[in-house]
Amino acid sequence: METQTKTLLEVKNLNIEYAASNGTVHAVSDVSFTLGRGEILGLAGESGCGKSTLAYGLTRLLRPPALITGGEVLYYPREERARQTRLKEPVDILELSASQLRKFRWNEVSIVFQSAMNALNPVLTIGAQIDDVLRTHRPDMGSAARKSRAIELLDQVGISAERIKSYPHELSGGMRQRAVIAIALALSPELIVMDEPTTALDVVVQREILQLISKLCKEFSTALIFITHDLSLLLELSDSIAIMYAGKMIEKASSEAVYLHPRHPYSYGLLHSFPSLHGPQRRMVGIPGSPPDLRTLPSGCAFHPRCPFAFERCQTVEPVLQVAQAELPGQLVACHLYDQGEAPSSSDFAQKFESMSEGVSA
């Protein structure tokens, strides 16, 4: 009973690959994490690190040549929902049949895609697209009730009722993104996965959307997995943050811990790749180089060719996700710097990255 009330999603050793003629792409490798009810988890990392593939794997939206080669995705529905869907707890999403998956999606888990214009049907009004979701999953709901629910959803995301008859091309980018969020909320799912929903929006609209997302998640106790390459967006929105690199999760901690004391050198580099809006000016260090080819990963730690702290063990032994320091059990990191209990300070990170950047530029 305790697991049901606290844990919503449990991912165990998930592996996803893309078959290609020039080699297998190991897009997601041995990823494990637990998501609590109502928790907001941020997934960050550079493009090509496996964030979107992970999201589509969790929701079973992958298509060939993508293939889930191992792992479990366990979902713990509330008792009343479990009775309605007649599914045994926990539900392994990877084992659901096609008919079970159709009932499961949108009712329990919904997704907001990166491009709202591409996600919306250009020849249907916003109201018709919300109505389609309700008509499919709530067949006993009358047309008047569906229209009322559509207006209610648009109001929740800050769109006036008169826009129910608008087509996607008649809405601004921010309004289209709000409409997609309204569709995702239509059936009051327990979990929403958002794949870089603010990428194509200007910074003012980005903040409005983030505030809206935060408000809705708190109001309806909805859990959220928010995916972005911009770590700065997650610091205020997320309860916890997971950093991905080369298909693996290399650090997971609370947002505060990642902001104040990032443990992995890659996390520090991401955090300091954007300018601070407050405080004194500081040099932006960034991360030299590019992410590796997922078909031919480096031996040992995949980040070692770009890491200013790399030593011999990093080149031969792959680190595992573990507690960085005993006094901080909630902060996990996959880095050999902590094998002997060492803990580099922020100034150590700054000096190493600055010296490495100077060497590259020279």
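Quick caveat, the model's predicted, so the values are computed rather than measured.
Leu9 places a side-chain heavy atom less than 4.5 Å from the side chain of Ile93. With a 4.5 Å cut-off on side-chain heavy atoms, Leu235 and Ile241 count as touching. Annotation: side chain of Ile181 is not in contact with side chain of Gln156 (no heavy-atom distance under 4.5 Å). Taking 4.5 Å as the limit, every side-chain heavy atom of Thr24 sits out of range of all side-chain heavy atoms of Tyr18. Leu191 places a side-chain heavy atom less than 4.5 Å from the side chain of Ile225. For the pair Leu154 and Ile130, the minimum side-chain heavy-atom distance is below 4.5 Å. In this structure, the side chains of Leu14 and Phe33 stay at 4.5 Å or more apart for every pair of heavy atoms. At least one side-chain heavy atom of Arg37 sits less than 4.5 Å from a side-chain heavy atom of Arg78.
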>> Using side-chain contact (heavy atoms from CB on, under 4.5 Å), reason through Lys51 and Glu196 one step at a time and then give a plain yes or no.
In response: CA-CA 10 Å; Lys51 307 183 300 299; Glu196 304 203 35; 4.1 Å; yes

>> What verdict does the side-chain contact (heavy atoms from CB on, under 4.5 Å) test give for Ser32 and Val11, after you've listed the backbone C-alpha separation in whole Å, the side-chain angles of each residue and the deciding distance to 0.1 Å?
In response: CA-CA 5 Å; Ser32 301; Val11 180; 5.7 Å; no

> Could you walk me through whether Tyr56 and Ser52 pass the side-chain contact (heavy atoms from CB on, under 4.5 Å) check?
Replying inline: CA-CA 6 Å; Tyr56 298 151; Ser52 295; 4.3 Å; yes

> Do Asn107 and Arg138 pass the side-chain contact (heavy atoms from CB on, under 4.5 Å) test, and can you show the C-alpha distance, the side-chain angles, and the key distance before you say yes or no?
Replying inline: CA-CA 10 Å; Asn107 275 301; Arg138 300 287 188 268; 2.7 Å; yes

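Rounded to the nearest 0.5 Å, atoms OG (Ser110) and CZ (Phe104) are 10.5 Å apart. Here Ile243 contributes atom CD1 and Cys49 contributes atom SG; the two are 10.0 Å apart, rounded to the nearest 0.5 Å. Here the CG-CZ distance, from Leu96 to Arg102, works out to 11.5 Å after rounding to the nearest 0.5 Å. To the nearest 0.5 angstrom, Ile209 atom CD1 is 13.0 Å from Ser214 atom OG. In this structure, CZ on Arg105 lies 9.5 Å from NE2 on His137, to the nearest 0.5 angstrom. Distance CG/Asp339 to CD/Gln322: 5.5 Å, rounded to 0.5 Å.
Residues that satisfy the salt bridge (Lys or Arg N to Asp or Glu O under 4.0 Å) test with Arg135, not counting sequence neighbours, are Asp131, Asp132. Residues satisfying the side chain to side chain donor-acceptor pair (under 3.5 Å) test with Glu17, not counting sequence neighbours, are His26. Applying the salt bridge (Lys or Arg N to Asp or Glu O under 4.0 Å) rule to Glu152 yields the partners Arg149; only residues at least two apart in sequence or on another chain are considered. With sequence neighbours excluded, the residues that form a salt bridge (Lys or Arg N to Asp or Glu O under 4.0 Å) with Glu219 are Lys215. Partners of Arg295 according to the side chain to side chain donor-acceptor pair (under 3.5 Å) rule, which considers only residues two or more places apart in sequence or in another chain, are Asn22, Asp293. A search for side chain to side chain donor-acceptor pair (under 3.5 Å) contacts involving Ser221 returns nothing, not counting sequence neighbours. Under the rule for a side chain to side chain donor-acceptor pair (under 3.5 Å), Ser238 has no partner lying at least two apart in sequence or in another chain. Looking at residues two or more places apart in sequence or on another chain, you find a ring pair (Phe, Tyr, Trp, His ring centres under 6.0 Å) between Phe309 and Phe349. Considering only residues two or more places apart in sequence or on other chains, Asp30 meets the salt bridge (Lys or Arg N to Asp or Glu O under 4.0 Å) condition with none of them.
The 12-atom threshold is not exceeded at CD of Glu236, counting heavy atoms of other residues, nucleotides or ligands nearer than 6.0 Å.
A side chain to side chain contact (heavy atoms under 4.5 Å, CB included) with Pro319 is found for one member of Lys248, Arg313, His336 and no other, namely His336. Among the candidates Val333, Thr34, Leu41, the single residue satisfying the side chain to side chain contact (heavy atoms under 4.5 Å, CB included) test with Lys252 is Leu41.
Taking hydrophobic clusters as Ile, Leu, Val, Met, Phe, Trp and Tyr residues chained together by side-chain heavy-atom distances below 4.5 Å, Val204 does not share a cluster with Ile159. Hydrophobic clustering (ILVMFWY, side-chain heavy atoms < 4.5 Å, transitive): Val203 and Leu212 are in distinct clusters. Linking Ile, Leu, Val, Met, Phe, Trp and Tyr residues whenever their side-chain heavy atoms come within less than 4.5 Å leaves Leu61 and Leu67 in two separate clusters. Under the 4.5 Å side-chain heavy-atom criterion for grouping Ile, Leu, Val, Met, Phe, Trp and Tyr, Leu101 is connected to Leu54 within one hydrophobic cluster.
Side-chain atoms of Asp239 come within 3.5 Å of backbone atoms of Ile40 as a donor-acceptor pair (strictly under, hydrogens ignored). Without hydrogens or angle criteria, Asn15 side chain to Asn13 main chain gives a donor-acceptor distance under 3.5 Å. Glu39 contributes no side-chain N or O that, together with a main-chain N or O of Ser240, makes up a donor-acceptor pair within less than 3.5 Å. Here the side chain of Arg306 pairs a donor or acceptor atom with the backbone of Gly289 at under 3.5 angstrom. Remark: the backbone N or O of Ala179 is not paired with any side-chain donor or acceptor of Gln129 at under 3.5 angstrom. Looking only at distances, a side-chain donor or acceptor of Ser299 sits under 3.5 Å from a matching main-chain atom of Gln315.
Residue pairs meeting the ring-ring contact (aromatic ring centres under 6.0 Å, His included) criterion with at least one partner in residues 216-249, sequence neighbours excluded, are Tyr245-Tyr266, Tyr245-Phe303.
Shown here for Ala334 and Met249, the closest heavy-atom pair between the two residues is CB-O, 4.5 Å. Minimum heavy-atom separation, Glu251 to Arg263: OE2-N, 3.0 Å. Between Pro262 and Leu271, the shortest heavy-atom distance links the atoms CG-CD2, 4.0 Å. For the residue pair Leu337 and Pro265, the shortest heavy atom distance occurs at CD1-CG, 4.1 Å. When all heavy atoms are compared, the tightest approach of Leu233 to Gln206 is CD2-OE1, 3.7 Å. Heavy-atom minimum distance, Leu270 versus Gly45: CD1-CA, 4.1 Å.
By the 4.5 Å side-chain criterion applied to Ile, Leu, Val, Met, Phe, Trp and Tyr, Val323 is assigned to a cluster that also includes Leu321, Leu332.
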Side chains of residues 165-175: which donor-acceptor partners sit under 3.5 Å, not counting sequence neighbours?
residue: Ser166; atom: OG; partner: Arg163; partner atom: NH1; Å: 3.4
residue: Glu170; atom: OE1; partner: Tyr167; partner atom: N; Å: 2.8
residue: Ser172; atom: OG; partner: Met175; partner atom: N; Å: 3.3

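If you check the side chains of Thr198 and Gln177, you find no donor sitting under 3.5 Å from an acceptor.
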